[in-house]
Novice: 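One structure, as structure tokens, below. Some questions next.
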Amino acid sequence: MTPRKHIIVIGSGIAGLIAALEISREHEVTLVTKSELSESNTRWAQGGIAAAMFPDDSVAEHVADTLRAGAGLCDAAAVEILCSEGPARIRDLIGLGVTFDQRDGDLARGLEAAHSRARVLHAGGDATGLSIETALVRAVRHANIRVLEHTFACDLLLEGEQVTGLEVLDAANSRYEIEADAVILASGGAGQLYLHTTNPSVATGDGVAMALRAGAQLADMEFYQFHPTALATLDTFLISEAVRGDGAILLDAHGRRFMQSVHPDAELAPRDVVARGIARQMALQDGQPVLLDATAMGAEFLATRFPTIDAACRARGFDWSAQPVPVTPAAHYWMGGVRTDIWGRTSIPGLFAVGEVACTGVHGANRLASNSLLESLVFAWRCAALVVSGEAFEKTPFAWQQEEYLIDQDTAAATMPVDRRELQTLMWNAAGIERTAEALQSAANQLSHWRPDGDTVEALETANLLSLARVLVAGALARKESRGAHFRDDYPETSATFQHSLLFAKAVEVPC
Ligand SMILES: Cc1cc2nc3c(=O)[nH]c(=O)nc-3n(C[C@H](O)[C@H](O)[C@H](O)COP(=O)(O)OP(=O)(O)OC[C@H]3O[C@@H](n4cnc5c(N)ncnc54)[C@H](O)[C@@H]3O)c2cc1C
């Protein structure tokens with residue numbers, strides 16, 4: 001039996017909560033989270049969680065759909081694990097108190113883009129993330145876990161290459177160190193890199209930036225998924241893909257359907273295709289948003305099936321049962337992150353990563369809708385199992401042998417204090433839905449002139465966004481092709497030369 005260890009988990013979305021719960025059965029756990037326990041991307045997830053749980057479906061079909069969406073970059077072994085272990089983990093979630101919606105005595109299921117079967121389970125209609133988060137937070141509150149809310153994880157502590165703990169900044173503005181036998185990053189994505197995003201304000205990529213500073217390998221950083229349909233209001237509230245799955249259509253400013261001429265699957269084409277179709281249509285109509293027409297579904301169906309979106313539309317002055325609503329694409333999900341193996345191990349001893357912060361390779365160049373909650377669940381559980389078994393402390397970490405793309409974080413030219421809004425605008429314009437070498441190069445130059453500014457939580461988050469923006473732009477420049485969510489106007493075709501992930505790590509000084 002492994003001697004009791006101290007494990008720090010950073011983040012309280014589905015990945016962090018599952019990891020903390022499972023590990024706390026065997027080891028001492030400290031859960032560090034920068035806002036309230038329930039705040040996370042998870043809490044806002046709407047459409048649901050995908051798994052092959054019905055007799056007319058199969059793991060093989062879920063695997064095939066996931067690989068197709070990933071556009072040649074998925075890690076096949078990781079995808080197989082995701083799809084085959086998913087159903088059992090969903091039954092675990094039900095055991096933890098998540099109540100998925102039912103229909104005729106069985107689990108209800110929705111269809112989403114690029115899925116060949118209806119296999120997306122949902123809860124509370126369109127409040128799947130909230131239902132999961134609420135059940136897991138309740139379980140964590142009752143478990144033997146030390147929870148540090150409003151505590152910002154600043155940096156990993158290192159002894160040589162081994163991670164030995166975490167430096168945090170608490171709500172009273174005190175900085176202190178917490179020692180640990182292992183640290184698990186579960187700190188989510190970085191939608192705040194972009195001016196328009198569906199992600200809440202906590203999504204600033206802190207875990208990826210911390211791992212980069214510590215010397216970990218990152219991968220697929222150039223692949224950011226843009227959700228096609230967020231309400232075209234200041235807060236870009238997400239309108240789930242499930243709405244189009246249930247029959248909503250997209251119209252141009254004149255009320256004409258336009259996606260049929262873009263792709264045979266029209267509104268249910270892969271996300272990147274729909275997002276690009278909308279962006280191009282918006283360009284044709286002077287930047288005006290396109291319209292999402294769900295009126296054919298009727299007020300009663302919309303209010304029952306999509307209560308959260310229904311309330312959000314009405315709160316913003318739209319009656320979507322009576323008239324089409326304006327929508328625009330927005331940054332939604334990062335396929336890239338800290339490279340891990342199928343157990344959540346990173347390239348640094350003592351450091352693990354699970355959930356959106358990680359790049360397990362299951363999404364490749366583009367995530368299949370509703371696969372991310374599943375990935376967080378399956379791989380957080382696997383990582384916890386590795387820690388509980390003790391193997392996490394025995395085996396040497398792995399590293400890909402493939403050539404790394406070193407990022408020079410040299411800040412000699414960086415003299416101008418970075419402003420978050422300017423950074424987000426730059427990223428939206430240059431490294432968004434459509435990219436060109438010219439715009440990316442100019443963004444890279446601009447990014448190299450900005451420097452971090454201050455030591456408040458907000459300033460530290462912006463510093464993290466800045467370093468991640470540099471890596472993302474470097475990756476987007478290096479990938480001279482279009483694939484999945486990465487689209488280059490100057491290289492619109494997919495190229496066999498790039499059928500591999502780009503790995504990133506900070507440049508290290510070689511001793512003379
Ligand atoms: C609006 C919306 C709808 C979505 N709908 C779906 C869907 O229907 N199906 C699906 O599969 N996926 C969906 N997604 C994506 C999915 O929600 C996320 O990928 C998933 O929830 C990620 O879980 P996570 O646990 O990795 O991270 P998160 O849930 O984002 O949690 C990250 C946690 O880390 C904390 N944190 C971050 N930085 C620090 C720091 N420096 N110090 C301390 N704590 C920190 C945050 O506060 C948060 O608690 C949606 C996302 C959004 C935004």
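All residue numbers in this chain count up from 1 along the given sequence. As the structure lists them, so they are numbered: ligands from 1, and atoms in each ligand from 1.
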Novice: For ligand 1, which part of H227 has a heavy atom less than 4.0 Å away: the side chain, the backbone, both, or neither?
Specialist: neither
Novice: Side chains of S501 and D220: donor-acceptor distance under 3.5 Å anywhere?
Specialist: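 S501 vs D220: donor-acceptor pair found between side chains.
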Novice: Are T462 and R420 close enough that a side-chain donor and a side-chain acceptor fall under 3.5 Å?
Specialist: yes
Novice: Out of R119, R109, R91, which one pairs with M53 under the side chain to side chain contact (heavy atoms under 4.5 Å, CB included) rule?
Specialist: R91
Novice: Starting from atom 45 (C) of ligand 1, which protein heavy atom do you reach first, and at what distance in Å?
Specialist: K34 CG, 3.7 Å
Novice: Starting from atom 27 (O) of ligand 1, locate the nearest protein heavy atom and write down its residue, its atom name and how far away it is, to 0.1 Å.
Specialist: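 Protein heavy atom with the smallest distance to atom 27 (O) of ligand 1: G188 CA, 3.4 Å.
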Novice: Heavy atom to atom 28 (P) of ligand 1, shortest distance: which of N464, V357, N41 holds it?
Specialist: N41
Novice: First locate atom CZ of R367, then atom NE2 of H332, and finally report the distance between them rounded to the nearest 0.5 Å.
Specialist: 4.5 Å
Novice: What residue among D246, D126, D101 forms salt bridge (Lys or Arg N to Asp or Glu O under 4.0 Å) with R305?
Specialist: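 Output: one option passes, namely D246.
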Novice: Quick one: which ligand 1 atoms are inside 4.0 Å of a heavy atom on G355?
Specialist: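 Near G355, meaning under 4.0 Å from one of its heavy atoms, ligand 1 has 26 (O).
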Novice: Out of all atoms in ligand 1, which are within 4.0 Å of some heavy atom of L238? Include the element for each.
Specialist: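 Counting atoms of ligand 1 from 1, those under 4.0 Å from L238 are 1 (C), 2 (C), 3 (C).
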Novice: For atom 9 (N) of ligand 1, what is the nearest protein heavy atom, given as residue, atom name and distance?
Specialist: G48 O, 2.7 Å
Novice: Is V243 close to W320 at the side-chain level, that is, under 4.5 Å between some pair of heavy atoms?
Specialist: yes
Novice: Applying a strict 4.0 Å limit to heavy atoms, is R367 in contact with ligand 1?
Specialist: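 Yes, R367 has a heavy atom closer than 4.0 Å to ligand 1.
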Novice: Cut-off 3.5 Å, side chains only: do D206 and S187 have a donor facing an acceptor?
Specialist: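 No - no donor-acceptor pair under 3.5 Å links their side chains.
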Novice: Can a non-hydrogen atom of T151 be found less than 4.0 Å from any atom of ligand 1?
Specialist: yes
Novice: For ligand 1, indicate whether the residue R43 contacts it via side chain, backbone, both or neither (heavy-atom separation under 4.0 Å).
Specialist: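 None of R43 does.
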Novice: Angle between ring planes, H115 versus H62, binned at 30° and 60°: parallel, tilted or perpendicular?
Specialist: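 The rings of H115 and H62 sit tilted, inter-plane angle from 30° to 60°.
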Novice: Which residue and atom name correspond to the protein heavy atom nearest atom 6 (C) of ligand 1, and how close is it?
Specialist: A45 CB, 3.4 Å
Novice: Quick check on A203 - does any of its heavy atoms sit under 4.0 Å from an atom of ligand 1?
Specialist: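 Contact absent.
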Novice: Could you pull out, from S187, S370, A209, A369, the option with a heavy atom nearest to atom 32 (C) of ligand 1?
Specialist: S187
Novice: Atoms of ligand 1 less than 4.0 Å from D206 heavy atoms?
Specialist: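 Checking each atom against D206, I get 38 (N), 39 (C), 40 (C), 41 (N).
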Novice: Among all the protein's non-hydrogen atoms, which is closest to atom 25 (O) of ligand 1, and how far away is it?
Specialist: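 Residue, atom and distance for the closest contact: A15 N, 3.0 Å.
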Novice: Starting from atom 12 (N) of ligand 1, find the nearest protein heavy-atom neighbour and note its residue, name and distance.
Specialist: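 For atom 12 (N) of ligand 1, the nearest protein heavy atom comes out as S372 OG, 2.7 Å.
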Novice: Looking at F152, which atoms of ligand 1 are within less than 4.0 Å of one of its heavy atoms?
Specialist: 41 (N), 42 (N)
Novice: Do you know which of D170, V202, T151, I10 makes side chain to side chain contact (heavy atoms under 4.5 Å, CB included) with K34?
Specialist: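 Single pass found, and it is V202.
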Novice: Below 4.0 angstrom from a heavy atom of S376, which ligand 1 atoms are there? Numbered from 1 as shown, please.
Specialist: 22 (C), 23 (O), 26 (O)
Novice: What are the atoms of ligand 1, with element, lying closer than 4.0 Å to any heavy atom of Y333?
Specialist: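 Heavy-atom distances to Y333 below 4.0 Å select 19 (O).
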Novice: Is I10 near ligand 1, meaning one of its heavy atoms is under 4.0 Å from it?
Specialist: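 I10: in contact with ligand 1 (<4.0 Å).
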Novice: Tell me, yes or no, whether the heavy-atom count around Q162 atom CD, taken from other residues, nucleotides or ligands under 6.0 Å, exceeds 12.
Specialist: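 Atom CD in Q162 is packed in, count exceeds 12.
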Novice: Given L377, which of V354, T42, I132, L93 fulfils the side chain to side chain contact (heavy atoms under 4.5 Å, CB included) condition?
Specialist: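 With L377 as partner, side chain to side chain contact (heavy atoms under 4.5 Å, CB included) holds for just one option, L93.
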Novice: Going by the order shown, which atoms of ligand 1 are within less than 4.0 Å of some heavy atom of G47?
Specialist: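 In order of numbering, the contacting atoms are 8 (O).
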Novice: Take I278 and I433 through the side chain to side chain contact (heavy atoms under 4.5 Å, CB included) test and state the conclusion after the steps.
Specialist: CA-CA 10 Å; I278 294 177; I433 298 169; over 6 Å; no
Novice: Taking N or O atoms only and a 3.5 Å limit, does I49 qualify as a polar contact for ligand 1?
Specialist: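 The answer is no, given that I49 and ligand 1 share no N or O pair closer than 3.5 Å.
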Novice: Among all the protein's non-hydrogen atoms, which is closest to atom 19 (O) of ligand 1, and how far away is it?
Specialist: E356 OE1, 2.7 Å
Novice: Ignoring angles and geometry beyond distance, decide whether I14 reaches within less than 3.5 Å of ligand 1 through its nitrogen or oxygen atoms.
Specialist: yes
Novice: Side chains of D65 and S116 only: does a donor on one sit below 3.5 Å from an acceptor on the other?
Specialist: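 There is such a pair (donor and acceptor under 3.5 Å, judged by atom type) between the side chains of D65 and S116.
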Novice: Side-chain contact, heavy-atom cut-off 4.5 Å: L447 with L423?
Specialist: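 With C-beta onward as the side chain, the pair touches.
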Novice: With a cut-off of 4.0 Å, which atoms of ligand 1 are near a heavy atom of A186?
Specialist: 32 (C), 33 (C), 34 (O)
Novice: Regarding N366 and Q225, is there a side-chain donor-to-acceptor distance under 3.5 Å anywhere?
Specialist: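 Yes - a donor-acceptor pair under 3.5 Å links their side chains.
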Novice: Tell me whether ligand 1 is touched by T198 - counting only heavy atoms on the residue side and a distance under 4.0 Å.
Specialist: yes
Novice: Can you give me the closest heavy-atom contact between A248 and M297, atom names plus distance?
Specialist: N-CE, 3.3 Å
Novice: I'd like the name of whichever of E149, M210, H332, Q46 reaches closest to atom 2 (C) of ligand 1 through any heavy atom.
Specialist: H332
Novice: Would you mind checking which non-hydrogen protein atom is closest to atom 23 (O) of ligand 1, with the distance to 0.1 Å?
Specialist: T42 OG1, 3.2 Å
Novice: Going by distance only, is there an N or O of P200 that falls short of 3.5 Å from an N or O of ligand 1?
Specialist: no
Novice: So, Q46 and T308: side-chain donor and acceptor under 3.5 Å apart, yes or no?
Specialist: no
